[in-house]
Amino acid sequence: MADDDGRSPEDDFQELLRQLFGAEGGRLDPEQLSQLSGLGIDPAMMQTVMRHLQDAFKDGQDGGISWEMAERQALHIANQSDLGVTSGQRGDVDQAFSLATLWLSEATAISDLASPPRAITRGDWVTATLPVWQELAEPVATSIADALTTALGEQAPDDMQELVQGAGRIMRTVGGSLFASQLGQVVGQLSTTVVSGGDVGIPLMPAGDAVILPQNFADFGRDLEIAEDQLALYVATRELAHARLFRHAKWLRLHVIAQITDFARGVHVDTEALEELASRFDPSQPEELRAALESGALLPARTPAQTAALTRLENLLATIEGWVDVVTEDATSRLPSAPRVAEAVRRRRAVGGPAEKALASLVGLELRPRRMREAAAMWRAVTDAVGMAARDALWDYPDLMPTSDDIDDPAGLIARLEARARGEEPPRDAMDEAIEALLRDVGERPEGGEAPGPDDPRPV
């Protein structure tokens, strides 16, 4: 439909899209549409398209993913049932955190938090954690959006390819926006179940923040038949231990997030399933694509590399959770109901809930490490052998942290720690030799920075 003013078909198509998705108030000239596409599309159908997709496009017209939509969706779900925090609840939480702080000082050498712990609402939790959810989900969202664009392009007839290319950015936004909407629903549902900031097991809250959601805490304890004050003390102690660990080991947060995003970047869409879906995709009724996202039908089976990455991540999360378990157990040893609460928390952590299952379907990632008990047993053995100070020093640097082999057999880790306590050097390995040779070579270079040449009398 290029004309004498030099406009290309792509220009006309972009103008059409601007009219369709908000720039002209959503009004569309059916005659213009018919001339542009040659398809004689029914204006009533186009109104249906606008009704379903206009909100998605107005937040993502740069072709990016509408994370604002995810936030709106999550806050809508969270605030729908959010009862707020009463002054009585805030006082109870503050009291539990105060006593938990004292108990933790006897159970860990890791110092207290810089900012006071607090009670928050479901909406507060969404706002605080959504940046991390976005970081974790973006690689998968991008993969799905790009694959949708490619699949739709491959399904279009040859005489429509120019139009499809012009629509590529917009169709990418369709997939990305639907994904963002689904993520918002998952995060919103999670906000109705999480009890504390560290409840999911990954560092969602800003470093050093410890929080409890009183409304969800009340739901969690309703059927446990445990005194509420004892339950609050246990949950507060566990939350403080988790927050202290991530504040102390400043590298740990980045380490966890990096491993999750590395796994997510390896997630690719099942192109055959997506192409089959794209062949019958109707933008006016995106429910089928939404259902495919929810069910995980677009995510193929894990590759061996992904399985290995997931195993590394599970070991890391289990190592963190195991330390938190042991420290919490020691700190709450004077609490009569502590063993019962601990078992209830472990069962809840192992099983998860519907929202976490939805997250696994959406991103392909399960956040329930299977080796929590084995990791906790390792930390207990280390604590009994060398004490809490030597145990907690393992979090000072990444290369000191226990490995999966240490979880399997803590004896080697304990032997290394006991040798260090006696002042003995650990056995040298190939890496030590290589580092020493490199440092020796650097130290022998002249001031100009070049290594000695073959005719130089100095040793190489």
[atom1]-[atom2] distance between [X] and [Y], expressed to the nearest 0.5 angstrom:
X	Y	atom1	atom2	result
Leu231	Arg340	CG	CZ	10.0 Å
Met378	Ile407	CE	CD1	5.5 Å
Leu83	Thr121	CG	OG1	10.5 Å
His248	Ile110	NE2	CD1	4.5 Å
Thr127	Leu130	OG1	CG	8.0 Å
Thr129	Leu204	OG1	CG	5.5 Å

Between [X] and [Y], is any pair of side-chain heavy atoms under 4.5 Å apart?
X	Y	value
Ile257	Val132	yes
Ile320	Met372	no
Arg371	Glu314	no
Ile414	Glu418	yes
Met401	Leu394	no
Leu335	Val341	no
Asp209	Ser115	yes

Any idea which heavy atoms bring [X] and [Y] closest together, and the distance?
X	Y	result
Thr237	Ala331	CG2-CB, 3.7 Å
Trp103	Leu233	CH2-CD1, 3.7 Å
Ala338	Tyr234	O-CE1, 4.0 Å
Ala210	Leu113	CB-CD1, 3.7 Å
Arg247	Ser111	NH1-OG, 3.8 Å
Leu400	Ala393	CD1-O, 3.6 Å

Exercise for review: Go through the steps for Arg391 and Val327 under the test side chain to side chain contact (heavy atoms under 4.5 Å, CB included), then give the verdict.
Suggested key: CA-CA 11 Å; Arg391 174 201 68 196; Val327 170; 3.6 Å; yes
Do side-chain atoms of [X] reach the backbone of [Y] as a donor and acceptor pair under 3.5 angstrom?
X	Y	answer
Gln73	Gln185	no
Asp325	Ala376	no
Gln89	Thr86	yes

**Study point:** Sidechain N-carboxylate O distance under 4.0 Å for Glu239, Arg244
**Key:** no
Check your understanding: Are Asp124 and Arg118 within salt-bridge range, i.e. N to O under 4.0 Å?
Key -> no
Practice item. Using the side chain to side chain contact (heavy atoms under 4.5 Å, CB included) rule, pick out the option among Asn216, Thr192, Val187, Asp82 that qualifies with Trp125. Key: Val187
Practice item. Would you mind telling me which of Val235, Leu104, Leu245 makes a side chain to side chain contact (heavy atoms under 4.5 Å, CB included) with Leu240? Key: Leu104
Exercise for review: Would you kindly say whether Arg122 and Asn79 are connected by a side-chain donor-acceptor distance under 3.5 Å?
Suggested key: no
Exercise for review: Check the pair Arg380 / Asp330 against salt bridge (charged side-chain N to carboxylate O under 4.0 Å, His left out), numbers first and verdict last.
Suggested key: CA-CA 10 Å; Arg380 172 56 63 202; Asp330 290 347; 2.8 Å; yes
**Study point:** Trp323 and Trp395 aromatic ring geometry - parallel, tilted or perpendicular at 30°/60° bounds
**Key:** perpendicular
Exercise for review: For atom CD of Glu225, decide whether the heavy atoms of other residues, nucleotides or ligands shown that lie under 6.0 angstrom number more than 12.
Suggested key: no
Check your understanding: Does CD in Glu228 sit with more than 12 non-hydrogen atoms of other residues, nucleotides or ligands closer than 6.0 Å?
Key -> no
Check your understanding: What residues, two or more places apart in sequence or in another chain, satisfy salt bridge (charged side-chain N to carboxylate O under 4.0 Å, His left out) together with Asp405?
Key -> none
Exercise for review: Apply the test side chain to side chain contact (heavy atoms under 4.5 Å, CB included) to residues Ser196 and His242: give CA-CA distance (whole Å), side-chain angles for both, the deciding distance (0.1 Å), then the verdict.
Suggested key: CA-CA 10 Å; Ser196 61; His242 190 272; over 6 Å; no
Please list, one pair per line, the donor and acceptor atoms closer than 3.5 Å that link side chains of residues 90-100 to other protein atoms, with sequence neighbours excluded.
residue: Arg90; atom: NH1; partner: Ala119; partner atom: O; Å: 3.4
residue: Ser98; atom: OG; partner: Asp94; partner atom: O; Å: 2.9

Point to revise | Full working for salt bridge (charged side-chain N to carboxylate O under 4.0 Å, His left out) between Glu106 and Arg334 | key: CA-CA 12 Å; Glu106 302 172 358; Arg334 55 174 65 86; 3.2 Å; yes
Practice item. Kindly determine whether Arg346 and Arg373 satisfy side chain to side chain contact (heavy atoms under 4.5 Å, CB included), including the steps that lead there. Key: CA-CA 9 Å; Arg346 275 193 290 267; Arg373 289 184 184 271; 3.7 Å; yes
Check your understanding: After noting the C-alpha distance and the side-chain angles of Arg238 and Thr328, does the key distance pass the side chain to side chain donor-acceptor pair (under 3.5 Å) rule?
Key -> CA-CA 5 Å; Arg238 183 178 179 83; Thr328 303; 4.6 Å; no
Practice item. Could you go through the side chain to side chain contact (heavy atoms under 4.5 Å, CB included) check for Val195 and Arg348 one step at a time? Key: CA-CA 11 Å; Val195 174; Arg348 183 171 178 272; 3.6 Å; yes
